[in-house]
**Student:** 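Handing you this structure, nothing more for now.
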Amino acid sequence: MPQMNGAVEVVNKNIKRILRKIVDNHRQWHEKLSFSLLGYHTTMRTTTRVMTYMLVDGTKVVIPVDVEIPSLRVIQEAKMDDANCICVNQEQLTLIDKKRMYAVCHGQLYQNRMINAFNRKVKPWQFTPGQLVLKKIFLHQEEAKGKFVPNWQGPYVVHRILSRGASILAEMDGMVSTKPINSDMVKRYYI
């Protein structure tokens with residue numbers, strides 16, 4: 001469920017960005033919402049190489065102008081008999097499934113490329129017991145309240161190194177923490 005909430009937030013953020021570009025003042029946004037939604041749903045996505053409209057409906061987008069000014073496609077679809085229409089709809093549903101599978105596969109490949117690109121740039125910290133470090137203050141901690149508070153607290157002493165970059169820290173007075181901390185949440189402290 002948290003992944004779905006994140007996806008909805010991204011969609012909302014993008015629609016707001018489109019609205020800001022086409023609305024003159026904030027009071028007429030509701031008049032332009034349909035245009036921004038059409039723009040969002042008909043834009044090719046980098047992650048899937050498919051328009052979201054294509055994944056849902058499986059057909060090319062028919063913009064409002066095409067409906068008002070009849071095109072060859074609209075005229076042809078209107079004159080189909082029932083048996084032919086059912087056959088075409090069944091073919092389109094099969095095509096939608098293929099396009100969705102392609103989009104899912106491409107999205108996974110895209111994510112793997114992004115992960116690999118990120119991992120190539122990441123240089124893991126190598127800490128040794130006895131080194132002085134600072135610990136990142138998380139947003140949910142009481143110390144993180146306020147606009148001008150520091151982002152790091154400490155110094156702490158690295159007490160023990162665990163597997164995969166985690167470590168146990170000790171305070172300067174020697175009191176050892178019971179919780180391990182990831183190495184990306186710790187940085188070296190220089191005196």
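Since the model is a prediction, treat every value here as computed from it, not as a measurement. Here, residue 1 is the first one in the sequence, and each next residue gets the next number. Every heavy atom of this structure was used, including side-chain atoms; hydrogens, water molecules and symmetry mates were not.
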**Student:** Give the cluster check for I168 versus V157: same hydrophobic cluster or not, with ILVMFWY residues linked at side-chain heavy-atom distances below 4.5 Å.
**Tutor:**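 Not linked; separate clusters.
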**Student:** Under a single-linkage definition using a 4.5 Å side-chain heavy-atom cutoff for Ile, Leu, Val, Met, Phe, Trp and Tyr, are L134 and F127 assigned to the same hydrophobic cluster?
**Tutor:**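 L134 does not cluster with F127.
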**Student:** Do you reckon V158 sits in the same ILVMFWY cluster as Y189, going by side-chain contacts under 4.5 Å, direct or chained?
**Tutor:**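 No, because V158 and Y189 fall into different hydrophobic clusters, even though each may have its own neighbours under 4.5 Å.
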**Student:** Is it possible for you to say whether M114 and L109 belong to one hydrophobic cluster, with membership spreading through side-chain heavy-atom contacts below 4.5 Å?
**Tutor:**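 No, M114 does not connect to L109 through the hydrophobic network.
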**Student:** Looking at side-chain heavy atoms only, is the closest gap between V186 and S183 below 4.5 Å?
**Tutor:** no
**Student:** Please give me the minimum heavy-atom distance between I137 and P150, naming the atom from each residue.
**Tutor:**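 For I137 versus P150, the nearest heavy atoms are CD1-O, 3.4 Å.
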**Student:** Is the shortest side-chain heavy-atom distance between Y156 and E171 below 4.5 Å?
**Tutor:**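 They are in contact (side-chain heavy atoms under 4.5 Å apart), so the answer is yes.
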**Student:** Does a side-chain heavy-atom distance below 4.5 Å link L162 with R160?
**Tutor:** yes
**Student:** Check whether N182 reaches the backbone of D184 with its side chain - one donor and one acceptor, N or O, closer than 3.5 Å.
**Tutor:**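 Not a single qualifying donor-acceptor pair exists.
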**Student:** For residues Y190 and W152: do they belong to one hydrophobic cluster (side chain heavy atoms under 4.5 Å, members Ile, Leu, Val, Met, Phe, Trp, Tyr)?
**Tutor:**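 No, separate clusters.
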**Student:** Rounded to the nearest 0.5 Å, what's the gap from CG on N12 to OH on Y40? Could you check?
**Tutor:**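 Rounded to the nearest 0.5 Å, the CG-OH separation comes out at 9.0 Å.
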**Student:** Determine the minimum heavy-atom distance between R188 and Q131, stating which atoms define it.
**Tutor:** CZ-NE2, 3.3 Å
**Student:** Look up atom CG in L19 and atom NZ in K21, then write down how far apart they are to the nearest 0.5 Å.
**Tutor:** 11.5 Å
**Student:** Please step through side-chain hydrogen bond (donor to acceptor under 3.5 Å, both in side chains) for the pair R113 and N116, ending with a clear verdict.
**Tutor:** CA-CA 5 Å; R113 283 196 312 266; N116 290 336; over 6 Å; no
**Student:** Nearest 0.5 Å, please: how far is CD1 in I191 from CG in L132?
**Tutor:** 5.0 Å
**Student:** When rounded to the nearest 0.5 angstrom, what distance separates NZ in K187 from NZ in K135?
**Tutor:**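 Result: 14.5 Å between the selected atoms.
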**Student:** With the side chain counted from C-beta on, respond yes when K13 and E9 share a heavy-atom pair under 4.5 Å apart, and no when they do not.
**Tutor:** no
